[in-house]
Every structure is written in C-alpha cells, then in structure tokens.
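Each remark here refers to the structure printed beneath this line.
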Amino acid sequence: MSGTEKEQSNLPEPCRVGYGRPPVEHRFRKGQSGNPRGRPKGATNKPKVANGFGMKAAEEYLRQEAYRTVTIREGDRHIELPAIQAVFRAMGVSAMKGNRFAQKTMAELITTLEQRDHDQRFEAFGIAIDYKREWSEKIDRAKELGLPVPEPVPHPDDIVINTNNGEVRIEGPQTKEQKDHYEKAHARRVGAQECVSHFAAKYRRSKNEEKKAFYLEEWHFEQRMFDIITDAMRGRHKMKLMDRSYHPDASRAGETFKAFAEDRKKPPHERWSSDYVEG
C-alpha cells in the first residue's frame with residue numbers, strides 16, 4: 001500500500017446524508033434541548049378527538065361544540081346550559097318576536113322530531129306485538145304436547161302493551177344475566193317467606209320474653225328482605241307476604257327498597273343491610 005493510500009485509509013469515513021441521517025450541523029447535541037425557547041406561554045394541549053368506528057373528526061368537533069356549556073343571561077340572572085339548547089332558546093325567542101324564518105325553522109324541526117318519534121314508537125309497538133304473540137303460541141303449544149316449555153328472555157308475559165297510546169313496557173328480566181339474578185332473588189324471597197312464617201309462629205307461641213324478642217327480631221329481618229325484593233320487582237313477579245308483622249318497627253311493602261337503595265350508597269361498614277340475594 002502506498003503512502004497516499006495509507007493516509008487516506010486513516011481518514012474518517014465521509015458521513016452519508018439521507019433519510020434518518022441529517023447533516024451533522026443539524027443533529028441534536030447531547031445535553032441540549034431541541035426546543036431551547038421552551039413552550040410558548042399560554043399554549044394548551046390540542047383536544048383529543050375520538051375517531052371511533054363510523055365517526056369523523058369534524059363530526060366529533062361539532063358534537064363537542066353543540067354540547068359544551070355556555071353561560072347566557074336570562075332576565076336578571078345568568079344560567080348555564082348546552083350550546084345547542086342556547087341556540088334553540090334563542091330561536092324560540094326570535095320566533096315569538098315574529099321572525100318568520102325562525103318560526104318556519106322551529107316548526108319544521110318540531111314536526112320532524114315528533115314524526116320520527118311516532119315512527120319509532122309504531123315500529124317498536126309492532127315488534128312487541130309480534131314477539132308476544134309468537135312466543136305465547138310456542139309456549140302454549142309446548143304445554144299441549146307435554147314438551148319442555150321454552151323460557152324466552154324477555155318472557156311474553158312480561159311485555160305489557162298499551163293499545164291506547166302505543167306504549168310498550170317490559171316488567172321483567174331482559175337479558176340472561178338479569179334472569180339469573182331474578183331467579184336468585186326469587187329463591188331468597190321464598191326462603192324469607194318460610195322464615196317469616198316460622199318465626200311468627202314461634203313468637204306467638206312463646207311465653208319467654210327473651211325468646212319472643214329474638215323471634216320478633218328475626219321475623220322483622222326476614223320480612224324486610226322479602227319487602228326489598230318484592231319492591232324491586234314489577235308486574236307478575238310481585239308476591240304478597242303471609243304472616244306480615246304490623247309492628248311499628250317492621251318494614252312496609254312499597255317503601256323498603258328505597259331505604260335499602262339509599263343504605264347501599266353508604267360505606268360497607270356503615271350499612272344496616274346485607275346483600276338481599278346472598279344474605
């Protein structure tokens with residue numbers, strides 16, 4: 001190797017410039033910030049937009065603007081409400097003052113909304129009637145043939161249809177999970193009825209005041225469990241308690257579940273009640 005070649009081999013290899021390899025003078029230096037001036041004062045993070053399935057960013061921004069809270073003056077007071085409601089309120093005020101365009105726009109909006117609501121109710125009414133009729137026929141047919149009776153969810157007997165106003169209500173479980181919970185709750189209620197009758201009989205027969213106090217406490221506890229479960233259920237799932245106590249400290253039908261729900265909001269160590277299904 002000649003001297004010139006030897007000198008050239010000892011020289012550093014020229015730096016290649018390209019994608020991911022910027023010129024040396026434009027690279028970040030170790031220990032030095034890439035933004036020495038820092039973040040501009042007053043700068044805020046850009047809001048994140050949820051671009052879920054079937055959702056465009058512009059649509060989400062529109063929703064955010066429509067439902068963001070704004071403050072408006074109404075008479076002598078200031079009130080907060082969603083921006084879209086403020087728009088409708090301003091439109092209504094303008095319409096009442098005689099603005100023809102506002103009157104026409106508001107009338108068209110209300111008509112469209114009411115028509116859509118009517119169409120949806122009518123569709124749900126038809127679906128409910130067909131569902132109730134078809135499953136009722138299948139259940140009756142199975143009973144006639146001595147076959148296992150199907151247990152659809154919701155059960156047709158739990159579907160209440162008001163033919164006067166088209167209202168449809170479901171007074172029972174609507175999912176398999178709800179049905180399982182109903183069954184557990186019903187089993188607990190049956191047990192509560194048995195205990196109520198048992199302790200009521202014991203209380204009435206006993207002549208020992210200490211035992212009577214114990215029987216009465218157990219009687220009232222099981223009666224409360226029965227009332228909690230029955231109050232939470234609707235329609236055909238309600239039951240009437242036998243051997244009810246009317247003592248001032250005893251629970252009352254129709255009032256107990258509300259007190260139970262309020263009690264469940266407290267920390268566990270402050271509650272007077274246990275879980276009525278597991279209890």
Side-chain angles (χ1 to χ4, degrees), residues 128 131-132 135-136 138-140 142-144 146-162 168-279:
Y131 181 95
K132 187 178 178 73
W135 276 111
S136 295
K138 289 179 182 179
I139 290 172
D140 291 342
K143 290 179 179 178
E144 291 175 3
L147 299 173
V149 178
E151 297 181 358
V153 179
H155 195 281
D157 291 345
D158 290 334
I159 298 176
V160 180
I161 300 174
N162 188 327
V168 177
R169 300 193 316 275
I170 300 179
E171 298 183 339
Q174 301 181 43
T175 65
K176 182 180 181 302
E177 291 74 20
Q178 289 181 0
K179 183 174 182 293
D180 292 342
H181 186 74
Y182 260 67
E183 291 174 351
K184 291 179 181 177
H186 178 68
R188 178 66 181 88
R189 182 171 56 178
V190 170
Q193 174 64 82
E194 293 174 353
C195 289
V196 163
S197 296
H198 172 76
F199 288 114
K202 288 277 190 180
Y203 174 83
R204 290 165 182 151
R205 288 197 302 264
S206 179
K207 296 181 179 180
N208 184 300
E209 292 302 320
E210 186 176 346
K211 288 184 178 180
K212 283 175 71 73
F214 170 77
Y215 295 147
L216 185 64
E217 182 179 357
E218 293 298 310
W219 180 1
H220 287 174
F221 176 82
E222 294 297 334
Q223 179 168 309
R224 182 179 290 110
M225 292 299 102
F226 184 98
D227 286 340
I228 288 172
I229 297 170
T230 299
D231 287 356
M233 293 186 172
R234 303 170 65 187
R236 68 188 183 99
H237 298 281
K238 286 190 174 294
M239 287 177 58
K240 182 178 180 180
L241 178 68
M242 307 300 293
D243 297 308
R244 175 176 291 279
S245 169
Y246 293 96
H247 188 278
D249 295 334
S251 61
R252 298 288 185 269
E255 304 173 1
T256 314
F257 182 77
K258 183 178 180 180
F260 171 78
E262 289 297 320
D263 184 65
R264 298 298 289 180
K265 297 177 182 178
K266 301 177 183 176
H269 65 281
E270 295 181 7
R271 299 173 187 168
W272 55 261
S273 61
S274 60
D275 190 300
Y276 64 86
V277 174
E278 298 174 359

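- A donor and an acceptor atom, one from each side chain of Thr230 and Arg189, are located under 3.5 Å apart.
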Step-by-step salt bridge (charged side-chain N to carboxylate O under 4.0 Å, His left out) determination, Glu222 to Arg188: CA-CA 10 Å; Glu222 294 297 334; Arg188 178 66 181 88; 3.1 Å; yes
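- Closest approach of Met233 to His186, counting heavy atoms only: CE-N, 4.3 Å.
- Annotation: the span from Met242 atom CE to Met239 atom CE amounts to 10.0 Å, rounded to 0.5 Å.
- The shortest heavy-atom contact between Asp227 and Ala253 is OD2-N, 3.9 Å.
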Side chain to side chain contact (heavy atoms under 4.5 Å, CB included) assessment of Phe199 paired with Tyr203: CA-CA 6 Å; Phe199 288 114; Tyr203 174 83; over 6 Å; no
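- Residues satisfying the salt bridge (charged side-chain N to carboxylate O under 4.0 Å, His left out) criterion with Arg169, sequence neighbours excluded, are Glu167, Glu171.
- No donor-acceptor pair under 3.5 Å is formed between the side chain of Glu217 and the backbone N or O of Ala213.
- In this structure, Asp231 does not pair ionically with Arg252, as no charged nitrogen and carboxylate oxygen lie closer than 4.0 Å.
- A salt bridge between Lys176 and Asp180 is present, with a side-chain N of the basic residue lying under 4.0 Å from a carboxylate O of the acidic one.
- Using a 4.5 Å heavy-atom cutoff, the side chains of Phe260 and Arg224 are not in contact.
- Judged by distance alone, the side chain of Lys143 and the main-chain N or O of Val149 form no donor-acceptor pair under 3.5 Å.
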Steps toward side chain to side chain contact (heavy atoms under 4.5 Å, CB included) verdict (Arg234, Val160): CA-CA 11 Å; Arg234 303 170 65 187; Val160 180; over 6 Å; no
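- A pairwise comparison of heavy atoms in Pro156 and Ser136 identifies CB-OG, 3.6 Å as the closest pair.
- Distance OH/Tyr215 to CG/Asn208: 8.0 Å, rounded to 0.5 Å.
- With a 6.0 Å radius and a threshold of 12 heavy atoms from other residues, nucleotides or ligands, Lys258 has its NZ atom at or below the threshold.
- Every salt bridge (charged side-chain N to carboxylate O under 4.0 Å, His left out) that Asp243 has, sequence neighbours left out, goes to Arg204.
- For His247 and His220, the distance between ring centers is under 6.0 angstrom.
- Considering only heavy atoms from C-beta on, Glu209 comes within 4.5 Å of Lys212 through its side chain.
- Of all non-hydrogen atoms in Val196 and Gln223, the two that sit nearest each other are CG2-N, 3.6 Å.
- The CD1 atom of Ile170 lies 10.0 Å from the CD1 atom of Ile161; values are rounded to the nearest 0.5 Å.
- Contact of the Lys202 side chain with the His198 side chain is registered, since non-hydrogen atoms from C-beta on lie closer than 4.5 Å.
- Tyr182 and His237 have perpendicular rings, their planes meeting at more than 60° on a 0 to 90° scale where under 30° would count as parallel.
- Judged purely by atom type and a 3.5 angstrom limit, Lys179 has no side-chain atom pairing as donor or acceptor with the backbone of Pro173.
- In this structure, CE on Met225 lies 9.0 Å from OG1 on Thr256, to the nearest 0.5 angstrom.
- Atom CZ of Phe221 is separated from atom SG of Cys195 by 9.5 Å, given to the nearest 0.5 angstrom.
- Of all non-hydrogen atoms in Pro154 and Tyr131, the two that sit nearest each other are O-OH, 2.6 Å.
- Under 3.5 Å, the side chains of Ser251 and Glu255 contain no donor-acceptor pair of N or O atoms.
- Judged by distance alone, the side chain of Lys211 and the main-chain N or O of Ser206 form no donor-acceptor pair under 3.5 Å.
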